[in-house]
Amino acid sequence: MEIFDALHLARLQFAFTVSFHIVFPAISIGMASFLAVLEWRWLLTGDKAYKTMFQFWSKIFAIGFGMGVVSGVVMAYEFGTNWSGFSQVAGNITGPLLHYEVLTAFFLEAGFLGIVLFGWERVSPRAHFFATLMVALGTLISTFWILASNSFMQTPQGFAIENGRIVPVDWLKVVFNPSFPYRLAHMTIAAFIVAGFMIAACGAWHLLRGRRDEPVKRSFSMALWLMLLLAPIQIFIGDAHGLNTREYQPAKIAAIEGLWETEKGGTALNLFGLPDMEAEVTRYAVQVPHLGSLILTHSWDGEIRGLKEFPKAERPYSPIVFWSFRLMAGLGMLMLLTAVLGLLLRKGGRLYEARWFQRFVLCMGPSGLIALLAGWVTTEVGRQPWTVYGVLRTEDSVSPVSAQLAGVSLLIFVIVYFAVFGMGVYYMLKLMRRGPVEADAHGESRKHPELHNRALDALQGE
């Protein structure tokens with residue numbers, strides 16, 4: 001396989017740009033709903049700590065939203081420059097779906113975002129809360145349309161082929177294709193988890209530095225309650241998604257499991273191993289008998305098709321999806337462990353004092369983003385060699401550009417993205433390092449005179 005031809009360079013470029021892009025919408029999707037909860041609690045209780053938290057986390061949301069818009073615009077142009085074959089064949093489906101996303105979601109978000117960020121003294125509290133709800137709703141609507149488009153590429157239905165082009169026949173079937181409900185739920189909860197671990201890690205950082213004011217403690221506590229709720233739900237949805245994938249994309253499941261032979265009477269699960277595409281075997285496999293059947297068919301002797309049942313030209317690249325899936329699943333287990341440990345410490349009254357746990361939560365801060373990226377790698381690489389599964393091959397989707405041109409544009413993207421978005425991430429982390437700051441009656445930021453003493457006390461206690 002030539003990795004420096006135009007096809008693979010175009011794939012690398014799209015993988016690079018989409019990896020940057022997906023991070024920021026995930027942050028803004030999760031953060032927007034968190035802001036709505038904070039403002040609702042403030043209106044309900046009048047507790048100023050919630051307003052302080054809202055005003056702080058709205059800055060993080062704004063940065064994520066802005067960078068998500070910029071990176072998304074770049075990807076829209078990329079469809080025309082690098083993937084004209086895909087646009088020509090599938091544009092009758094993907095074009096309208098992305099257009100609906102702009103009309104129903106982006107305008108809603110952009111229209112109310114200014115009120116959310118700058119309208120505290122200009123509109124009533126209820127009007128401001130309504131604007132916050134509209135922004136949160138807009139992010140969820142955006143998720144709906146983007147996942148509808150991508151899910152169609154995974155499990156297409158409701159279409160016909162006319163003159164070599166995919167045309168819609170039934171829009172309800174196009175949108176609500178077989179994998180769409182599972183992928184929408186999985187992605188939405190993933191975005192909430194991304195935001196939740198960012199918030200928890202920020203709280204852990206400030207707790208370790210000695211802060212014990214309400215905005216810090218409450219951010220930490222609320223994020224851990226959120227993880228306790230969402231981590232088990234995400235595991236349940238992931239299981240249902242796996243069953244759906246086995247039905248509609250069996251080659252992807254075989255590649256994820258590193259499974260080459262169809263085993264009769266029950267399929268073992270390869271916990272670890274090194275899939276070898278040439279030798280058609282998973283080397284050094286650590287197996288658990290029948291566990292593959294239990295997980296993927298919910299039966300002791302369920303049968304799962306091996307990769308050898310599919311033509312070589314239609315097999316996903318197993319070494320990548322095998323490990324990206326295990327990275328995602330392993331982090332999911334650690335997330336559940338984090339939430340359970342938080343509950344136990346909460347019951348023991350040591351949630352804000354257990355420094356070992358706060359360090360663990362701080363290390364888990366980027367876990368949501370890493371799991372999200374690993375999941376998307378599993379999804380997109382596992383779909384290969386198809387752009388639209390079973391309908392349009394990736395090699396037929398690429399634009400007729402030279403490898404040199406594709407390589408130069410990839411290099412430019414790498415340089416520009418790391419410079420521009422690197423600065424955005426740096427500023428976001430700088431804000432999180434400062435943390436939520438309460439304001440006094442005159443609107444001035446309060447200092448935390450107890451911070452230095454608490455930090456010294458904590459250090460002396462270690």
Side-chain angles (χ1 to χ4, degrees), residues 151 153-157 176-187 189-190 231-277 279-333 335-336 371 374-386 389-390:
S151 296
M153 295 163 65
Q154 302 283 343
T155 52
Q157 70 170 18
F176 297 98
N177 56 79
S179 66
F180 172 70
Y182 306 97
R183 301 183 74 246
L184 177 63
H186 202 52
M187 177 61 197
I189 293 180
I233 294 176
Q234 184 72 317
I235 293 171
F236 173 79
I237 294 174
D239 175 69
H241 189 192
L243 297 178
N244 177 266
T245 303
R246 173 178 169 266
E247 180 178 357
Y248 292 96
Q249 295 178 295
K252 178 188 287 189
I253 286 294
I256 288 173
E257 299 305 324
L259 181 65
W260 296 92
E261 305 285 351
T262 301
E263 301 176 8
K264 305 296 182 180
T267 303
L269 178 71
N270 292 323
L271 291 177
F272 304 104
L274 297 175
D276 188 328
M277 297 296 290
E280 298 183 339
V281 66
T282 297
R283 302 185 185 278
Y284 315 112
V286 178
Q287 296 184 324
V288 179
H290 292 279
L291 187 57
S293 293
L294 285 174
I295 293 175
L296 291 167
T297 69
H298 291 185
S299 65
W300 181 254
D301 56 356
E303 184 178 293
I304 304 169
R305 296 173 65 187
L307 275 173
K308 287 185 179 181
E309 291 199 19
F310 304 92
K312 285 189 175 182
E314 297 183 7
R315 297 174 186 173
Y317 191 65
S318 181
I320 292 180
V321 296
F322 183 88
W323 283 106
S324 62
F325 176 81
R326 278 151 184 77
L327 176 60
M328 176 187 67
L331 286 173
M333 294 298 104
M335 292 172 186
L336 181 61
W376 272 91
V377 168
T378 303
T379 296
E380 300 306 308
V381 176
R383 187 184 63 215
Q384 298 302 319
W386 305 98
Y389 195 78

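All heavy atoms count here, side chains included; hydrogens, waters and symmetry mates do not.
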Legend entry - From CG (L269) to CG (L259), nearest 0.5 Å: 9.5 Å
Inset, instruction - Kindly indicate whether the side chain of H186, heavy atoms from C-beta on, has any atom under 4.5 Å from the side chain of Q234. - result: yes
Inset, instruction - Please assess W376 against M187 for the test side chain to side chain contact (heavy atoms under 4.5 Å, CB included), listing each intermediate value before the final yes or no. - result: CA-CA 10 Å; W376 272 91; M187 177 61 197; 3.5 Å; yes
Inset, instruction - Determine the minimum heavy-atom distance between I253 and G242, stating which atoms define it. - result: CD1-O, 3.9 Å
Legend entry - Close side-chain approach of E263 and I304, heavy atoms under 4.5 Å: no
Legend entry - Gap separating the CE atom of M153 from the OG1 atom of T379, nearest 0.5 angstrom: 11.5 Å
Inset, instruction - Taking all non-hydrogen atoms of both residues into account, name the closest pair between D276 and A279 and its distance. - result: OD1-N, 3.0 Å
Legend entry - Note: R305-E261 ion pair, threshold 4.0 Å (strictly below): no
Inset, instruction - Could you tell me which non-hydrogen atom of A285 sits nearest to which non-hydrogen atom of N270, and how far apart they are? - result: CB-OD1, 3.7 Å
Legend entry - Taking every non-hydrogen atom, the tightest pair across A254 and G306: CB-C, 4.1 Å
Legend entry - Partner set under side-chain contact (heavy atoms from CB on, under 4.5 Å) for A255, not counting sequence neighbours: L307, P316, S318, V321
Inset, instruction - Could you tell me whether the side chain of S324 and the main chain of V377 form a donor-acceptor pair under 3.5 Å? - result: no
Legend entry - Rounded distance [0.5 Å steps], CG in N244 versus CZ in F180: 12.5 Å
Legend entry - Min side-chain heavy-atom separation I256-F322 under 4.5 Å: no
Inset, instruction - Would you name the heavy atoms of M328 and A371 that are closest together and state the gap between them? - result: CG-O, 3.7 Å
Inset, instruction - May I ask you to test the T267-E257 pair for a side-chain heavy-atom distance under 4.5 Å? - result: no
Inset, instruction - Apply side chain to side chain contact (heavy atoms under 4.5 Å, CB included) to L274 and W323, showing your working. - result: CA-CA 9 Å; L274 297 175; W323 283 106; 4.1 Å; yes
Inset, instruction - Quick one: pull up CD in E247 and OG in S179 and give me the separation to the nearest 0.5 Å. - result: 11.0 Å
Inset, instruction - Answer whether the closest heavy-atom distance between the side chains of R315 and W260 falls below 4.5 Å. - result: yes
Inset, instruction - Indicate yes or no: at least one non-hydrogen side-chain atom of T262 is less than 4.5 angstrom from one of E303. - result: yes
Inset, instruction - Can you see which heavy atom on A185 is nearest to which on I237, and at what distance? - result: CB-CD1, 3.8 Å
Inset, instruction - Could you pull out all residues at least two apart from Y182 that satisfy ring-ring contact (aromatic ring centres under 6.0 Å, His included)? - result: none
Inset, instruction - Please list, chain by chain and in numerical order, all residues satisfying side-chain contact (heavy atoms from CB on, under 4.5 Å) with Y389, sequence neighbours excluded. - result: P156, Q249, P250, A251, R383, W386
Legend entry - Min side-chain heavy-atom separation Q384-K252 under 4.5 Å: no
Inset, instruction - Compare all side-chain heavy atoms of D239 with those of H298 and state whether any distance is below 4.5 angstrom. - result: yes
